[in-house]
Amino acid sequence: MAGLDDVFGDIFASVDAVVLFSPSGSYYERFMAVEDLDVVVVGTENAVGAETFVELPLEFEDISERIRFGLEGALEQGVIEDGDELACATSVFGDGIDTVSRVRADAESHTGIYDIFAKSRADPEVVKAVLELAIELGQKGQKGKPVGALFIVGDAGKVMNKSRPLSYNPFEKSHVHVGDPIVNVMLKEFSRLDGAFIISDAGKIVSAYRYLEPSAEGVDIPKGLGARHMAGGAITRDTNAIAIVLSESDGLVRAFKGGELILEVDPEAY
Ligand SMILES: Nc1ncnc2c1ncn2[C@@H]1O[C@H](COP(=O)(O)OP(=O)(O)OP(=O)(O)O)[C@@H](O)[C@H]1O
Ligand SMILES: [Mn+2]
């Protein structure tokens with residue numbers, strides 16, 4: 001098989017590190033036995049007790065997302081560097097690792113996605129569901145027309161204290177959660193209406209039609225955007241919530257945390 005090693009070997013020749021996605025213990029040990037090799041383990045938990053570990057809040061189904069997200073986290077934690085050549089090994093079909101992909105770490109492609117998932121108070125599944133919903137709304141609009149929407153996720157008690165109702169709250173006595181298909185239909189329907197959705201750390205829809213009243217002092221938002229983005233950004237400085245905002249005017253989905261814009265994605269690119 002020397003011939004195949006020559007060809008496939010290019011994938012891992014002279015890499016700076018090997019990144020193992022959720023390896024088994026014995027698989028990890030085999031890499032640790034290789035001299036002078038930097039090994040980074042990425043996964044939802046550090047099941048192998050790896051020295052260098054990057055936590056993924058979710059086991060991403062999409063392989064390129066899984067790798068992109070893992071590398072962004074690894075860059076953030078300083079365990080790899082911009083420009084590093086990496087052999088990323090993950091499972092695509094089975095339980096074990098079956099695929100190697102050579103990827104160059106690129107700090108420029110930083111999306112901020114790691115920050116909103118890994119460092120938020122809210123459950124990562126909830127953040128993901130709301131982000132997906134905003135992206136879907138951005139792609140489809142409401143009956144073909146562009147819509148805007150504002151979702152405030154996490155730290156709901158404090159957010160409620162810094163806001164007031166614009167109208168009766170249709171979620172008042174309900175116990176519904178983001179991610180349920182029926183709830184997503186409701187949220188899309190209500191997105192035509194004014195104000196913000198307030199969502200708890202665990203994903204419960206606490207309220208719709210909420211008018212946010214944070215102090216907006218010193219919050220910077222991109223030029224051309226108005227009150228929705230200002231209110232969304234500012235509430236994340238006053239509380240530990242994150243804001244996910246779909247702009248009706250430019251169609252982009254943005255996320256704010258700690259008063260800062262940390263993620264900007266074009267729904268059409270998904
Ligand atoms: N303080 C607030 N709290 C909750 N919702 C708000 C607040 N201010 C504005 N909105 C909502 O945002 C909508 C759009 O407002 P505006 O055009 O000023 O925002 P924007 O940042 O330019 O967003 P877009 O890009 O979607 O137009 C309003 O109709 C209202 O529903
Ligand atoms: Mn506007």
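Keep in mind the model is a prediction, meaning the values are calculated, not measured.
Looking at D123, its side chain never comes within 3.5 Å of a backbone N or O of A202 through a donor-acceptor pair. T44 contributes no side-chain N or O that, together with a main-chain N or O of L56, makes up a donor-acceptor pair within less than 3.5 Å. With N240 contributing its side chain and D155 its backbone, the two residues share no donor-acceptor pair below 3.5 Å. At least one donor-acceptor pair under 3.5 Å links the side chain of S200 to the backbone N or O of G203. Using a distance-only test at 3.5 Å, with no hydrogens or angles considered, no donor-acceptor pair links the side chain of D180 to the main chain of I182. The backbone N or O of G94 lies less than 3.5 Å from a partner atom in the side chain of D98, making a donor-acceptor pair. A donor-acceptor contact shorter than 3.5 Å links the side chain of R102 to the backbone of D10.
How far CZ of F190 is from CG of N169: 9.0 Å, rounded to the nearest 0.5 Å. Atom CG of residue N184 and atom NE2 of residue H177 lie 13.0 Å apart, to the nearest 0.5 angstrom. Rounded to the nearest 0.5 angstrom, I113 CD1 and F60 CZ are separated by 6.0 Å. The structure places CG of D238 at 11.5 Å from OG of S163, a figure rounded to the nearest 0.5 Å. Of the inter-residue distances, the one linking T90 atom OG1 with L20 atom CG reads 9.5 Å to the nearest 0.5 angstrom. The distance from atom OH of Y27 to atom OG of S91, rounded to the nearest 0.5 Å, is 10.0 Å.
Between D201 and V126, the closest side-chain pair of non-hydrogen atoms is not below 4.5 Å. The shortest distance between side-chain heavy atoms of T111 and E72 falls below 4.5 Å. Side-chain contact check for I262 versus I116: some heavy-atom pair is nearer than 4.5 Å. Side-chain atoms of V183 and V185, non-hydrogen and from C-beta on, never get closer than 4.5 Å to each other. Side-chain atoms of M160 and I198, non-hydrogen and from C-beta on, do get closer than 4.5 Å to each other. By the 4.5 Å heavy-atom criterion applied to side chains, S215 and R237 are counted as neighbours.
Shown here is D95, whose CG atom has no more than 12 heavy atoms of other residues, nucleotides or ligands within 6.0 Å. The 12-atom threshold is exceeded at CZ of R66, counting heavy atoms of other residues, nucleotides or ligands nearer than 6.0 Å.
Here the shortest heavy-atom pairing between A50 and F53 reads O-CB, 4.2 Å. Shortest non-hydrogen contact noted between L212 and A231 is CD1-O, 3.9 Å. Heavy-atom minimum distance, I199 versus A156: O-CB, 4.1 Å. Among all heavy-atom pairs drawn from I152 and A241, the shortest one is CG2-CB, 3.6 Å. A pairwise comparison of heavy atoms in F21 and C88 identifies CE1-CB, 3.9 Å as the closest pair. Closest non-hydrogen pair, G83 versus D16, comes out as O-OD2, 4.5 Å.
For F197 and Y209, the distance between ring centers is not under 6.0 angstrom.
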In residues 246-255, what donor-acceptor pairs under 3.5 Å come from side-chain atoms, sequence neighbours left out?
{"residue": "S247", "atom": "OG", "partner": "S249", "partner atom": "N", "Å": "3.1"}
{"residue": "S247", "atom": "OG", "partner": "S249", "partner atom": "OG", "Å": "3.1"}
{"residue": "S247", "atom": "OG", "partner": "D250", "partner atom": "N", "Å": "3.1"}
{"residue": "S247", "atom": "OG", "partner": "D250", "partner atom": "OD1", "Å": "3.1"}
{"residue": "D250", "atom": "OD1", "partner": "L252", "partner atom": "N", "Å": "3.0"}
{"residue": "D250", "atom": "OD1", "partner": "R254", "partner atom": "NH1", "Å": "3.4"}
{"residue": "D250", "atom": "OD2", "partner": "R254", "partner atom": "NH1", "Å": "3.4"}
{"residue": "D250", "atom": "OD2", "partner": "R254", "partner atom": "NH2", "Å": "2.7"}
{"residue": "R254", "atom": "NE", "partner": "E264", "partner atom": "OE2", "Å": "2.8"}

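Applying the salt bridge (Lys or Arg N to Asp or Glu O under 4.0 Å) test to pairs two or more places apart or on separate chains, none has a residue in residues 18-42.
Note: the hydrophobic cluster containing V41 also contains F31 (ILVMFWY, side chain heavy atoms under 4.5 Å, direct or indirect links).
Inspection of the E55 and Y114 side chains reveals no N or O donor paired with an N or O acceptor under 3.5 Å.
A salt bridge links E136 with K140: the distance from a Lys NZ or Arg NE/NH1/NH2 to an Asp or Glu carboxylate oxygen falls below 4.0 Å. A salt bridge does not link E213 with K162: none of the charged nitrogens is closer than 4.0 Å to a carboxylate oxygen.
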